[in-house]
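Everything numeric here is computed off the predicted structure, so don't read it as measured data. In this chain, numbering begins with 1 at the start of the sequence shown.
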Amino acid sequence: MSSATLAIIGGGLVGASLALALQDAARQRGWHIVLIEPFAPGSVYQPSYDARSTALSYGSRLIYERLGLWQAIARRAEPIQQIHVSDRGRFGATRLLAMEEGVPALGYVAENAWLGHCLWQALDQQVVEWRCPTEVVTMQRLDHGYRLGLNDETSLDCGLAILADGGRSGLREQLGIGVRVRPYGQSALVANVSPLEAHRGQAFERFTDDGPMALLPLSDNRCALIWTRAAADAERLLRLDEKCFLGELQQVFGYRLGALQQVGARHLYPLSLVEAQEQVRPHLVVLGNAAHSLHPIAGQGYNLSLRDTLALAEVLSESTAPLGDFATLQRYLQRQTLDQQLTVGFSDQVTRLFSNAQPLLTAGRNLGLLGLDLLPPAKRWFARQAMGLGVRSL
Ligand SMILES: Cc1cc2nc3c(=O)[nH]c(=O)nc-3n(C[C@H](O)[C@H](O)[C@H](O)COP(=O)(O)OP(=O)(O)OC[C@H]3O[C@@H](n4cnc5c(N)ncnc54)[C@H](O)[C@@H]3O)c2cc1C
């Protein structure tokens, strides 16, 4: 048996970001952090046409600047200079411009594999011990923390356990933490496509009666496609041959970037809004997708989790109480509750409003998009939400 002051279960984007955000405090306070992850990160990054990516908001850039990682991430992050929001077959459209918002970019698109690589490379193994490839199979509550049972037949005792094992967290269930699930009845089809024309940093959010789609600018003039459709229709699109798939996509997206020429591996994600009913218990925090999984179309899920992560790291670093102290963990949650409610609400409402073919709603959203373009304060509010700057100043 071994012990740690703090164990992070899951070394995905959220778990690894928390480890990074806590490094300085750990050095100063003598904390021993253990990061447990079943899939070993490659020490060498290999670019791939098929890689999945994440849109980082401008707010997330500011967080990574603070953590000293932005320069590394920026080497392969494509800036979003403008976002074109439109409704297929209708008049309403609006354009958000980085210049108008007074920022160098509205956001950035980076491949998940690149983000993961940058994060793991930045971890100081003197402070953050990796247990990898290792999986946590059981969690047992102790008086002063948790005992984690690992799949290598060993166990680890810790004063604070951070559950960052993703949206399908089996451990959350094992601990009896309930979830509120609201299925969207849709799946997201994700792939990279290459357009004939240069994307010039443009991102497109396009709403159609069959579901919203986003096309985000990536390095090497690729675009990351997120296309939401009814689950059965998304399955059908997944199976189409490349030519037919590109033909259907072109029909829905139009020719804003010329002919679409190539598509990489396609992946499907069934979509639900999932929220854990408890995020903190004494000696335990549920973080990242394990705490809330959002619809991907508004690009808010990871950005919200990164703000949670920074807030948690700040509250833990400022507290003089022992790690795991319940009042400290509640303070973290209080600090993030408004941001979580607004962000979850924003992405849920936008998604439901724009996934609906009812005439009243389509007329309403048409007016909404027109209104956004005509009313600078409304457009500015929308842009600040999209940039991840809605609640707190970073
Ligand atoms: C199609 C799609 C597109 C998206 N696009 C965006 C976007 O543009 N912008 C945005 O902000 N968000 C986006 N998101 C959301 C974003 O992907 C998630 O918010 C983010 O991946 C959550 O990270 P996480 O570390 O919490 O979970 P995960 O990425 O799922 O990581 C969990 C980690 O835990 C590990 N693990 C699992 N079980 C155990 C165990 N028992 N023991 C130890 N480790 C374990 C796993 O191996 C994994 O590495 C998108 C989501 C989807 C589905």
TODO: Please collect all side-chain hydrogen bond (donor to acceptor under 3.5 Å, both in side chains) contacts where either partner lies in residues 280-294, sequence neighbours excluded, each pair once.
DONE: Glu278-Arg281, His292-Asp308

Open item on the list: Rounded to the nearest 0.5 Å, what separates atom CG in Leu67 from atom CD in Gln23?
Closed with: 9.5 Å

Task: Min side-chain heavy-atom separation Leu148-Leu150 under 4.5 Å - done: yes

Open item on the list: Treating Asn221 as the side-chain partner and Ser194 as the backbone partner, does any N or O pair qualify as donor plus acceptor under 3.5 Å?
Closed with: no

Task: Backbone N/O of His32 and side chain of Thr5: donor-acceptor pair under 3.5 Å - done: yes

- [ ] Can you sort out the partners of Gln330 under side-chain contact (heavy atoms from CB on, under 4.5 Å), two or more places apart, ordered by chain and number?
- [x] Val280, Phe326

Task: Ala188 versus Pro296, closest heavy-atom pair with distance - done: CB-CG, 4.1 Å

Taking only distance into account, with no hydrogens and no angle test, what donor-acceptor pairs under 3.5 Å do side-chain atoms of residues 68-82 form with protein atoms, sequence neighbours excluded?
from: Arg76; atom 1: NE; to: Tyr45; atom 2: OH; distance (Å): 3.3
from: Gln82; atom 1: OE1; to: Arg95; atom 2: NH1; distance (Å): 2.4

Open item on the list: Per the salt bridge (charged side-chain N to carboxylate O under 4.0 Å, His left out) rule, what does the pair list look like for residues 131-140, sequence neighbours excluded?
Closed with: Glu129-Arg131

For residues 159-168, which side-chain N or O atoms pair as donor and acceptor with protein atoms under 3.5 Å away, sequence neighbours left out?
from: Asp165; atom 1: OD1; to: Ser169; atom 2: OG; distance (Å): 2.7
from: Asp165; atom 1: OD2; to: Ser169; atom 2: OG; distance (Å): 2.8

TODO: Check whether Val286 and Ile36 end up in the same hydrophobic cluster, where Ile, Leu, Val, Met, Phe, Trp and Tyr are linked by side-chain heavy atoms less than 4.5 Å apart.
DONE: yes

Task: Any Leu246 side-chain heavy atom under 4.5 Å of Gln250 side chain - done: no

- [ ] Test Tyr302 against Ser60 for side-chain hydrogen bond (donor to acceptor under 3.5 Å, both in side chains), laying out the working first.
- [x] CA-CA 9 Å; Tyr302 180 58; Ser60 291; over 6 Å; no

- [ ] Would you give the length of the straight line joining atom NE2 of His295 to atom CD1 of Ile226, rounded to the nearest 0.5 angstrom?
- [x] 9.5 Å

TODO: Of all the heavy-atom pairs spanning Phe207 and Glu205, show the shortest one and how long it is.
DONE: CZ-OE1, 4.1 Å

- [ ] Could you go through the side-chain contact (heavy atoms from CB on, under 4.5 Å) check for Ile8 and Val34 one step at a time?
- [x] CA-CA 6 Å; Ile8 303 175; Val34 177; over 6 Å; no

TODO: Apply the test salt bridge (Lys or Arg N to Asp or Glu O under 4.0 Å) to residues Arg229 and Glu235: give CA-CA distance (whole Å), side-chain angles for both, the deciding distance (0.1 Å), then the verdict.
DONE: CA-CA 9 Å; Arg229 301 287 282 235; Glu235 281 281 350; over 6 Å; no

- [ ] For the residue pair Leu306 and Tyr64, establish whether any side-chain heavy-atom pair is separated by less than 4.5 Å.
- [x] yes

TODO: Consider only side-chain heavy atoms of I, L, V, M, F, W and Y, link residues closer than 4.5 Å, and tell whether Phe245 and Tyr49 are in one cluster.
DONE: no

- [ ] Flag the pair Leu22 / Val128 as yes when at least one side-chain heavy-atom distance between them is below 4.5 Å, and no otherwise.
- [x] no

Open item on the list: I'd like to know whether Glu111 forms a side-chain contact (heavy atoms from CB on, under 4.5 Å) with Ser219, so could you lay out the CA-CA distance, the side-chain angles of the two residues, the decisive distance to 0.1 Å, and finally the verdict.
Closed with: CA-CA 9 Å; Glu111 288 163 30; Ser219 55; 4.1 Å; yes

Task: Residues that, via side-chain heavy atoms closer than 4.5 angstrom, fall in one hydrophobic cluster with Val137 - done: none

- [ ] Report yes if the side chains of Met139 and Val136 come closer than 4.5 Å at any heavy-atom pair, otherwise no.
- [x] yes

TODO: Ignoring hydrogens and angles, tell me if any N or O in the side chain of Thr228 forms a donor-acceptor pair with the backbone of Pro212 under 3.5 Å.
DONE: yes

Task: Atom CD of Gln140 with >12 non-hydrogen neighbours under 6.0 angstrom - done: yes

Task: Sequence neighbours excluded - salt bridge (charged side-chain N to carboxylate O under 4.0 Å, His left out) pairs with any residue from residues 141-153 - done: Arg147-Asp157

Open item on the list: I need the full list of salt bridge (charged side-chain N to carboxylate O under 4.0 Å, His left out) pairs touching residues 288-301, with sequence neighbours left out, sorted by first then second residue.
Closed with: none

Open item on the list: Is there a path of hydrophobic side-chain contacts, each under 4.5 Å between heavy atoms of I/L/V/M/F/W/Y residues, joining Leu119 to Leu35?
Closed with: yes

- [ ] Using a 4.5 Å cut-off on heavy atoms from C-beta on, say whether the side chain of Leu257 contacts that of Leu196.
- [x] no

TODO: Return the set of residues passing salt bridge (charged side-chain N to carboxylate O under 4.0 Å, His left out) with Asp124 (not counting sequence neighbours), or none when no residue passes.
DONE: Arg27

Task: Joint hydrophobic cluster, Val14 plus Leu123, side-chain heavy atoms closer than 4.5 Å - done: yes

Open item on the list: Do Leu215 and Val193 have side chains that approach each other closer than 4.5 Å (heavy atoms only, starting at C-beta)?
Closed with: yes

Open item on the list: Just verifying a value: how many Å separate Cys118 SG and Leu13 CG, rounded to the nearest 0.5 Å?
Closed with: 10.5 Å

- [ ] Answer with yes or no whether the side chains of Tyr108 and Arg61 bring together a donor and an acceptor at under 3.5 Å.
- [x] yes

Open item on the list: Please check this pair: side chain of Asp348 against backbone of Arg182, looking for a donor-acceptor N/O pair closer than 3.5 Å.
Closed with: no

For residues 261-277, please give each side-chain donor-acceptor pair under 3.5 Å, one per line with the distance, not counting sequence neighbours.
from: Arg266; atom 1: NH1; to: Leu237; atom 2: O; distance (Å): 2.9
from: Arg266; atom 1: NH1; to: Leu238; atom 2: O; distance (Å): 3.3
from: Arg266; atom 1: NH1; to: Leu240; atom 2: O; distance (Å): 2.8
from: Arg266; atom 1: NH2; to: Leu240; atom 2: O; distance (Å): 3.0
from: Tyr269; atom 1: OH; to: Arg52; atom 2: NH1; distance (Å): 2.4
from: Glu275; atom 1: OE1; to: Arg180; atom 2: NH1; distance (Å): 2.4

TODO: Could you check if a side-chain atom of Leu310 sits within less than 4.5 angstrom of a side-chain atom of Arg307, using non-hydrogen atoms only?
DONE: no

Task: Residues which pass side-chain contact (heavy atoms from CB on, under 4.5 Å) with Thr328, listed by chain and number, not counting sequence neighbours - done: Val315, Leu316, Ser319, Ala321, Asp325, Arg331

- [ ] Run the numbers on Glu248 and Arg236 for salt bridge (Lys or Arg N to Asp or Glu O under 4.0 Å), then give the verdict.
- [x] CA-CA 11 Å; Glu248 271 204 44; Arg236 182 187 62 79; 2.7 Å; yes

Task: Listed partners of Pro322 passing side-chain contact (heavy atoms from CB on, under 4.5 Å), at least two apart - done: none

- [ ] For the pair Gln279 and Gln336, evaluate side-chain hydrogen bond (donor to acceptor under 3.5 Å, both in side chains) and give the outcome as yes or no after the intermediate values.
- [x] CA-CA 11 Å; Gln279 290 184 36; Gln336 277 310 98; over 6 Å; no

